[in-house]
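Indexing begins at 1, ligand by ligand and atom by atom, following the structure's order. Count residues from 1 along the sequence.
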Amino acid sequence: MKILVTGGAGYIGGTFAYEALKNNHKVLALDNFSNSKPEQIDNLKNIFEKNFEFFEIDLSIQSEQLSNCIKEFKPDVIVHFAGLKAVGESQKHPIKYWNNNVVSSINLIEAMAHNEVKKLIFSSSATVYGDSDQQPIPETAEIKSMSVYGSTKIAVERMFSEAARVGVIDVVSLRYFNPVGAHKEKIIYENPFDLPNNLMPRIIRVALGIDEELQILGDDYETRDGSGERDYIHILDLIAGHFSAIEFILKNNGESIFNLGTGVSTSVYELIKTFESTNSIKIPYRICNRRPGDVAKCYADPKLALNELNWQAEYDLSEMCKDAWLGVKDNESG
Ligand SMILES: NC(=O)c1ccc[n+]([C@@H]2O[C@H](COP(=O)([O-])OP(=O)(O)OC[C@H]3O[C@@H](n4cnc5c(N)ncnc54)[C@H](O)[C@@H]3O)[C@@H](O)[C@H]2O)c1
């Protein structure tokens, strides 16, 4: 199969591209390196000389280049990972986020329509549920934004939904919960070196000795132990969900939305403890104030994906902690 991957130099897009290439698919990746490094692409090029192509493109700038890529490559499906994802940064630079995440998606859909490519998988996020009072959260839960980042995901989902309604595209939006870890061969990993927002890479920074202690952002939430609870999912389970979604969209029309989560809720303290015991590394921490925009609890009801995609997560928290650490510990230079 021919798969066009936007954001192919990033953590999830790069891991997806690696797994797709390993399974003998042809991959064309696009990225502007706004949050990634060309080395990720060089790694893929070195391993998969034959089936892998890459173009440096900023999707938020309308250009012939994108349309030409689609025209020449003729993908069976496009997987759209490209986007900015830092919630805090999005609050400070809203227009940058709207421009990057929404305009890029408009440009993509126009280029698809122009070249009659219809099948699309979109990286959405559990952030679209905001501070949901339904836990675990089903896809039917109310959509509400708690940040500019969340608003852009909601806007893009809706735009894709409207385009699917009039037959321009067929789309699956995948609402990721909290992807962590690295794939087993450690080629692509989540970069912990440029001040990450997510908890696992911040734990990794402490494990690597970059930070002295982990800041726990609030331990007065109404949760089991006062710290925030999330649904962590191994990156390999997340990627497997994409291949199931591709099979699904190749047989189905219109728009579908699925949660990709484990259905298991884990607190910050539980994640630290599991990381410590799995990797035999102590993670000192300090309690700090809550971070604006963070919710107490967010975990998936994953039944729809099981029923419709025949997909469910398999890796447990300990495996996630093991692979997250193995993925970066030999790449300490950043
Ligand atoms: N990692 C998470 O926890 C998480 C959770 C939910 C949803 N998501 C979504 O999944 C997608 C991938 O996330 P990730 O963790 O791999 O992030 P990432 O930052 O590692 O990868 C995103 C890639 O997109 C590229 N990019 C951004 N804007 C671009 C543009 N205008 N043109 C071309 N390339 C552009 C970046 O350079 C980067 O390589 C994002 O859309 C993100 O919002 C991620």
Who passes side chain to side chain contact (heavy atoms under 4.5 Å, CB included) against Ala20, sequence neighbours left out? Ile3, Phe16, His25, Val27, Phe243
Atom 38 (C) of ligand 1: nearest protein contact (heavy atom, Å): Asp31 OD2, 3.6 Å
Go through ligand 1 atom by atom and flag the ones less than 4.0 Å from a non-hydrogen atom of Ser125. 6 (C), 7 (C)
Tell me which protein heavy atom sits closest to atom 3 (O) of ligand 1, plus the residue, atom name and distance to 0.1 Å. Asn198 ND2, 3.2 Å
Taking the six-membered ring for Trp, is the centroid-to-centroid distance between Phe177 and Phe258 below 6.0 Å? no
What is the closest protein heavy atom to atom 22 (C) of ligand 1, and at what distance does it sit? Gly83 O, 3.7 Å
Test log, rule side chain to side chain donor-acceptor pair (under 3.5 Å), inputs Tyr232 and Thr262: CA-CA 7 Å; Tyr232 297 98; Thr262 60; over 6 Å; no
In this structure, is the centre-to-centre distance between the rings of Phe81 and Phe122 below 6.0 Å? no
Please state whether His80 comes within less than 4.0 angstrom of ligand 1, counting heavy atoms only. no
Heavy-atom contacts under 4.0 Å between Ser34 and ligand 1: side chain, backbone, both, or neither? both
Atom indices of ligand 1 within 4.0 angstrom of Pro179 heavy atoms, with elements: 2 (C), 3 (O), 5 (C)
Considering heavy atoms of the protein only, find what lies nearest to atom 32 (N) of ligand 1 and give residue, atom and distance to 0.1 Å. Leu59 N, 3.0 Å
Please write down residue, atom name and distance for the protein heavy atom closest to atom 44 (C) of ligand 1. Ile12 CD1, 3.8 Å
Is Lys26 atom NZ crowded by more than 12 heavy atoms from other residues, nucleotides or ligands, each under 6.0 Å away? no
Pull out every atom of ligand 1 sitting under 4.0 Å from any heavy atom of Phe33, numbered as shown with elements. 37 (O)
Ignoring hydrogens and geometry, is there a side-chain-to-backbone donor-acceptor pair from Arg290 to Asp220 under 3.5 Å? yes
Tell me yes or no: between the side chains of Ser145 and Ser151, is some donor less than 3.5 Å from an acceptor? yes
Please check: side-chain N/O of Ser161 versus main-chain N/O of Glu157, any donor-acceptor pairing under 3.5 Å? no
If you count every heavy atom of other residues, nucleotides or ligands that lies below 6.0 Å from Tyr285 atom OH, does the total exceed 12? no
Which segment of Tyr149 sits under 4.0 Å of ligand 1 when only heavy atoms are counted: side chain
Electrostatic pair Lys96:Glu89 at N-O distance under 4.0 angstrom: yes
Nearest protein heavy-atom contact for atom 40 (C) of ligand 1: which residue, which atom, what distance? Phe81 O, 3.1 Å
Could you go through residues 130-144 and list every donor-acceptor pair under 3.5 Å that involves a side-chain atom there, pairing it with any protein atom two or more places apart or in another chain?
| from | atom 1 | to | atom 2 | distance (Å) |
| --- | --- | --- | --- | --- |
| Ser132 | OG | Gln134 | N | 3.2 |
| Ser132 | OG | Gln134 | O | 3.3 |
| Gln135 | OE1 | Tyr299 | N | 3.1 |
| Gln135 | NE2 | Ser132 | O | 3.2 |
| Gln135 | NE2 | Lys297 | O | 3.0 |
| Glu139 | OE2 | Asn259 | N | 2.7 |
| Lys144 | NZ | Asp131 | O | 3.3 |

What do you reckon, does Ser124 put a non-hydrogen atom under 4.0 Å from ligand 1? yes
Options Tyr176, Phe55, Phe16, Tyr11, ranked by nearest heavy atom to atom 8 (N) of ligand 1, top entry: Tyr176
Is Asn178 near ligand 1, meaning one of its heavy atoms is under 4.0 Å from it? no
Under 4.0 angstrom from ligand 1, any heavy atom of Asp58? yes
Does any N or O atom in Phe177 lie less than 3.5 angstrom from one in ligand 1, N or O only? no
Distance only, no hydrogens: is a donor on one side chain within 3.5 Å (strictly under) of an acceptor on the other, for His234 and Asp323? yes
Among all the protein's non-hydrogen atoms, which is closest to atom 14 (P) of ligand 1, and how far away is it? Lys85 NZ, 3.7 Å
Considering both backbone and side-chain atoms of Gly10, is one of its nitrogen or oxygen atoms within less than 3.5 Å of a nitrogen or oxygen in ligand 1? yes
Ala9 neighbourhood, listing ligand 1 atoms whose heavy-atom distance to it stays under 4.0 Å: 39 (O)
Note: ligand 1 atoms sitting under 4.0 Å from heavy atoms of Asn100 are 27 (C), 28 (N), 29 (C), 30 (C), 31 (N)
How far is atom 29 (C) of ligand 1 from its nearest protein heavy atom, and which residue and atom name does that atom have? Asn32 OD1, 3.4 Å
Hey, is Ile57 touching ligand 1 through its side chain, its backbone, both or neither, going by heavy atoms under 4.0 Å? backbone
Heavy-atom donor-acceptor pair, Lys118 side chain to Gly167 backbone, under 3.5 Å: yes
Side-chain heavy-atom pair Ile121, Ile78 within 4.5 angstrom cut-off: no
Are side-chain heavy atoms of Ser124 and Val128 found at a separation under 4.5 Å? yes
Heavy-atom contacts with Ser60 under 4.0 Å: which atoms of ligand 1 show up? List them by number with element. 31 (N)
I need the atoms of ligand 1 closer than 4.0 Å to a non-hydrogen atom of Ser104, numbered in the order shown. 31 (N)
